[in-house]
Amino acid sequence: MFPEYDVIVVGAGHAGCEAAAAAANMGSKVLLATMNMQTIAQMSCNPAMGGVAKGQIVREIDALGGLSGIVSDKSMIQFRMLNRSKGPAMWSPRSQNDRHMFAWEWRMQLEALPNVDMWQEMVSGLIVKDGRVCGVRTGLGIEIPCKTVVLTNGTFLNGIIHIGEKRLGGGRTGEKAATGITEQLVELGFESGRMKTGTPPRVDGRTLNYSVMEEQEGDVNPSKFSYSKQTSALVKQRSCHITYTNLAVHETLKEGFDRSPMFTGRIKGLGPRYCPSVEDKINRFAEKERHQIFVEPEGWNTVEVYVNGFSTSLPEDIQYKAIRKIAGFENAKMFRPGYAIEYDFFPPTQLQLSLETRLVKNLFFAGQINGTTGYEEAACQGLMAGINAHRAAKDEEALILKRSEAYIGVLIDDLVNKGTEEPYRMFTSRAEYRILLRQDNADLRLTPIGHQIGLASEERYQDMLIKKQQSEKLVEEIKNTKIKPEEANPVLEENGSAPIREKVILYNLLKRPNMEINLFSERLPEIKTLVEPYTQEEIEQAIIEVKYRDYIDKEEQMAQKMTQLENMALNPDFDYKKIQALSIEAREKLSKIKPATLGQASRISGVNPSDISILMIYMGR
């Protein structure tokens, strides 16, 4: 009935869609197996993509040749560049999306790929022979052969939904849980655990009073995620709104604490620290009189509203009573209550940096199965797992991104070397090279890699080269342009910068704080003429280069030093227990994770700098 596939992807969420598309676009024959083809790429939680550090990830996915950026752009209803008041390393794109358009666009992208087949049924087990996966088994008992498997099960592995004292089996509201895979993996020797996440109620926007809320509009000149010409920026946008909880809301929520699955111990899994439920917030931060609520439309043409910041698993009667005490929600009607969901995950220290499991060859894990939270974190893992599953099927070396190359590299390196005891979320603070890993230069960093492996198109590569050449040309022109005091001083004084007494190179003026090229181009015809041939993206790239070159140089030097450690390969079969000078914890962690390089060993939690020095001495360095 089925041919042998190069790659079978189990699960069609954000990770599964990226994995299937990447492997197929690189030339693999792919089967995407999902329990429900109507919920492909479902935005299970909030209808948004990007945000702090997450927006950088979406741009990196796009730069490599993935599809999340394109789908986000095509389904976008609002765009904002966050942290504009800070330096460019912190700028983070975020979109509000039409939930249904997002899922529809993903499905259209997948259906346009001739190398992708789809199958609607639960995968209940793997076929493993001689330590290597060679197929999957479905709930109907069908065996489908393949060379590699990517598991992207999301919250479906033995999922349990909690609403107050009610417990329902399911991976998402209205959808059943997946069973069988966890039990088999444990039998094979994998360690598993439980995590939890949650979602807020959805309400009828027609019953809200927006006049008492703060309107949150999109950017005046919105940008987009994708570097490609397939998408364009929005010309109209929908606003979000902001309101707040209050003491009356908090007191009402407390009425349900005795029936809360979080506080009564029915939920055993660990939840996300940085996205806590509303009951957890008022319990942990009792001194706060209010918490921010983001009122987010679910699409262009729907009245359904997502109540961001009100995630809860309290009984539905308490949810309804409390939500109507929020300003603007006095007459709110709920479409459905919020809930918490517990699910199985597998500590990611059981993976290699390629996302292939250590115990079973050609088996890859991506997304929430690895203990992460968030669409973007899942999507980038799916992309890398799909790339490496394809390369494994073709007997090619895995692609591994360094921490100095991408947030994606930071995320995977953190997961494999440090593991996670709570749902892992990406932040800019996790990246030690964040000045290098900006959202504006993801194409310069990663499109050459995506093009080399056959994922990013030739057109994308050429566009990247033009942007690079043009921005470099503009930097040189800025270095060769001098401005007279009588031309520069009015601009400088208006913006609180010291005046000049003689001709100064424009390059040096732009290195000053708050000095942007548009301040000069608006006043000086020669500067306007200078920048006119360039796109806004090329100008932005050039100005960042001018302002931050010294900082960029320092980080590049740091990255180069770390690369020396990365180039010191370690034998995966080495017996660390025989080096008695290593700490006991280092011996245990090194023996378990089996790092590929000295650089990877240095980032393992519990391995100290002194342990690395001992290893270097042992290696004859």
Checking Ser68, Ser75, Ser72 against Trp106 for side-chain contact (heavy atoms from CB on, under 4.5 Å), the one that qualifies is Ser68

dist Leu615:CG -> Leu582:CG (nearest 0.5 Å) comes out at 5.0 Å

| field | Charged N-O contact under 4.0 Å between Asp550 and Lys554 | value | no

ring-ring contact (aromatic ring centres under 6.0 Å, His included) pairs touching residues 371-393, sequence neighbours excluded, are His14-Tyr375

Applying side chain to side chain donor-acceptor pair (under 3.5 Å) to Arg358 and not counting sequence neighbours gives none

With sequence neighbours left out, the residues meeting ring-ring contact (aromatic ring centres under 6.0 Å, His included) with Tyr534 are none

Output for pair (Asn608 CG, Ser583 OG), nearest 0.5 Å, gives 5.5 Å

Which atom pairs, one a donor and one an acceptor, fall under 3.5 Å between side chains of residues 444-455 and the rest of the protein, sequence neighbours left out?
{"unit_1": "Arg445", "atom_1": "NE", "unit_2": "Leu436", "atom_2": "O", "d": "3.4"}
{"unit_1": "Arg445", "atom_1": "NE", "unit_2": "Asn441", "atom_2": "OD1", "d": "2.9"}
{"unit_1": "Arg445", "atom_1": "NH1", "unit_2": "Glu60", "atom_2": "OE2", "d": "2.9"}
{"unit_1": "Arg445", "atom_1": "NH1", "unit_2": "Glu405", "atom_2": "O", "d": "2.8"}
{"unit_1": "Arg445", "atom_1": "NH2", "unit_2": "Glu60", "atom_2": "OE2", "d": "3.4"}
{"unit_1": "Arg445", "atom_1": "NH2", "unit_2": "Arg438", "atom_2": "O", "d": "2.8"}
{"unit_1": "Thr447", "atom_1": "OG1", "unit_2": "Ala63", "atom_2": "O", "d": "2.9"}
{"unit_1": "Thr447", "atom_1": "OG1", "unit_2": "Asp443", "atom_2": "O", "d": "3.2"}
{"unit_1": "His451", "atom_1": "NE2", "unit_2": "Glu458", "atom_2": "OE1", "d": "2.7"}

Between Pro348 and the options Leu355, Asn370, Thr357, the side-chain contact (heavy atoms from CB on, under 4.5 Å) test singles out Asn370

| task | Please say whether more than 12 non-hydrogen atoms of neighbouring residues, nucleotides or ligands are located less than 6.0 Å from CG in Asn514. | result | no

Q) Is the shortest distance from a Lys or Arg side-chain nitrogen in Glu377 or Lys54 to a carboxylate oxygen in the other one below 4.0 Å? A) yes

| query | Is the shortest side-chain N to carboxylate O distance from Arg403 to Glu566 below 4.0 Å? | reply | no

Only one of Gln470, Gln469, Glu472 passes side-chain contact (heavy atoms from CB on, under 4.5 Å) with Glu538, and that residue is Gln470

Sequence neighbours excluded, the answer for side chain to side chain donor-acceptor pair (under 3.5 Å) partners of Glu585 is Lys589

Would you mind writing out the side-chain donor-acceptor pairs for residues 497-511 within the sub-3.5 Å range, not counting sequence neighbours?
{"unit_1": "Ser497", "atom_1": "OG", "unit_2": "Arg512", "atom_2": "NH1", "d": "2.8"}
{"unit_1": "Lys511", "atom_1": "NZ", "unit_2": "Val546", "atom_2": "O", "d": "3.2"}

When rounded to the nearest 0.5 Å, the distance separating OG of Ser226 from CG of Asp73 is 5.5 Å

*Do Glu526 and Lys482 sit within salt-bridge range, that is, some charged N less than 4.0 Å from a carboxylate O?*
no

Output for pair (Ser228 OG, Arg460 CZ), nearest 0.5 Å, gives 4.5 Å

